[in-house]
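Order of the sequence lines fixes the chain letters, A, B, ..., with proteins taken first and strands second; residue numbering starts at 1 for each chain.
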Amino acid sequence: MEKHLNRVMEEITNQPGVYGCVLSDHQGLCLGAHGQASTESSGVITALAEQALKLEPKSVMPIISLENDNRQLIIRRHGVLTCGIYKSVCN
Amino acid sequence: MGCCYSFFCNDDSSSQAGEPTERTHLLVNPVSINTTVVHANSEDYIFRNANTLPKKTDEQSALNRILQETATNVIDVAALDSHNLQHHEYLERMKHYNVKVQQVMGNNRNALSYKVKLSLLQDIPMPEKVMMSEPINPEDIKLINSFLSSAVASIQDIKVEHKENLVEPFGINC
């Protein structure tokens with residue numbers, strides 16, 4: 001059932017630099033989280049993706065990148081799914 | 001009524017030589033009082049002067065008096081307005097109104113900004129800093145796109161597999 005989804009999230013988290021990922025549906029409910037990503041962040045991630053989509057509604061779904069000095073969060077929405085990937089940035 | 005009044009007024013002025021009666025005007029002409037001229041119409045001056053064969057200077061002085069009398073009676077509203085507002089007064093009022101507008105804007109900043117704020121984007125002080133920031137890494141785009149596509153595919157695989165009966169009978173044995 002959700003084994004495939006868990007395996008996909010595990011593969012993503014094993015990528016270099018990635019330390020967590022989260023998946024949520026269109027209402028912000030968490031579908032799955034892996035690594036150091038909290039399930040509570042799914043609502044915020046979905047809301048961010050919705051707000052970013054309002055900037056240019058006719059264009060494709062935007063990729064949102066939130067950064068600080070050593071961490072990065074990449075968000076993208078596709079259909080009803082919103083995913084977020086936590087990465088560590090080494091300068 | 002107005003015709004009767006004017007008729008009697010003219011009669012009074014000619015017969016009683018401007019002495020105050022119940023029909024004389026309340027607002028008398030100050031020029032005519034000072035110069036002790038009979039309060040009468042301007043036509044009477046001309047006729048009287050013409051009948052008594054005056055000199056040219058008398059006629060001229062009578063005309064000047066009429067002109068002066070008329071000038072004192074006239075109230076020039078436009079001239080009063082222009083006199084009141086000088087150029088520096090315009091500037092002073094402009095400064096005063098600007099100060100007032102700034103005060104109102106400062107007091108109601110929250111309410112006004114709530115009405116004006118219709119767009120999601122706000123002005124930022126140094127836009128070139130944001131514009132000069134590096135775009136997102138292509139590898140990250142590839143990473144999140146692959147994650148999304150595989151996640152969508154895996155979500156579609158999720159199906160409810162019921163192993164037991166969805167409807168459980170209760171209390172049928174008895």
Quick check: is [Y] connected to [X] through a chain of hydrophobic side chains (ILVMFWY, heavy atoms under 4.5 Å apart)?
X: A/Met61; Y: B/Ile155; value: no
X: A/Leu66; Y: A/Val89; value: no
X: A/Leu53; Y: A/Leu81; value: no
X: A/Ile63; Y: A/Val22; value: no
X: B/Ile158; Y: A/Ile12; value: yes

Just wondering, are more than 12 heavy atoms of other shown residues or ligands nearer than 6.0 Å to CD in B/Gln103?
yes
If you count heavy atoms of other groups shown closer than 6.0 angstrom to CD of B/Glu128, is the number above 12?
yes
Heavy-atom proximity to chain B below 4.5 Å, by part of [X]:
X: A/Leu23; result: side chain
X: A/Val80; result: neither
X: A/Arg7; result: neither
X: A/Leu31; result: side chain
X: A/Gln72; result: side chain

Looking at [X] and [Y], what are the two nearest heavy atoms and their distance?
X: B/Ser150; Y: A/Val8; answer: OG-CG1, 3.2 Å
X: B/Leu148; Y: A/His78; answer: CD1-CB, 3.5 Å
X: A/Leu5; Y: B/Ser154; answer: CD1-OG, 3.1 Å

Side chain, backbone, both or neither: which part of B/Ile144 has an atom under 4.5 Å from a heavy atom of chain A?
both
From B/Glu139 atom CD to A/Lys87 atom NZ, the distance as rounded to the nearest 0.5 Å:
7.0 Å
Just how far is it from atom OG of B/Ser146 to atom CD of A/Glu11, taken to the nearest 0.5 Å?
9.5 Å
Dump the intermediate steps for side chain to side chain contact (heavy atoms under 4.5 Å, CB included) on B/Phe147 and A/Met9, then the final yes or no.
CA-CA 8 Å; B/Phe147 180 38; A/Met9 287 194 292; 4.1 Å; yes
Out of B/Leu143, B/Ile141, B/Ile136, return the one with the most heavy atom pairs under 4.5 angstrom to chain A.
B/Leu143
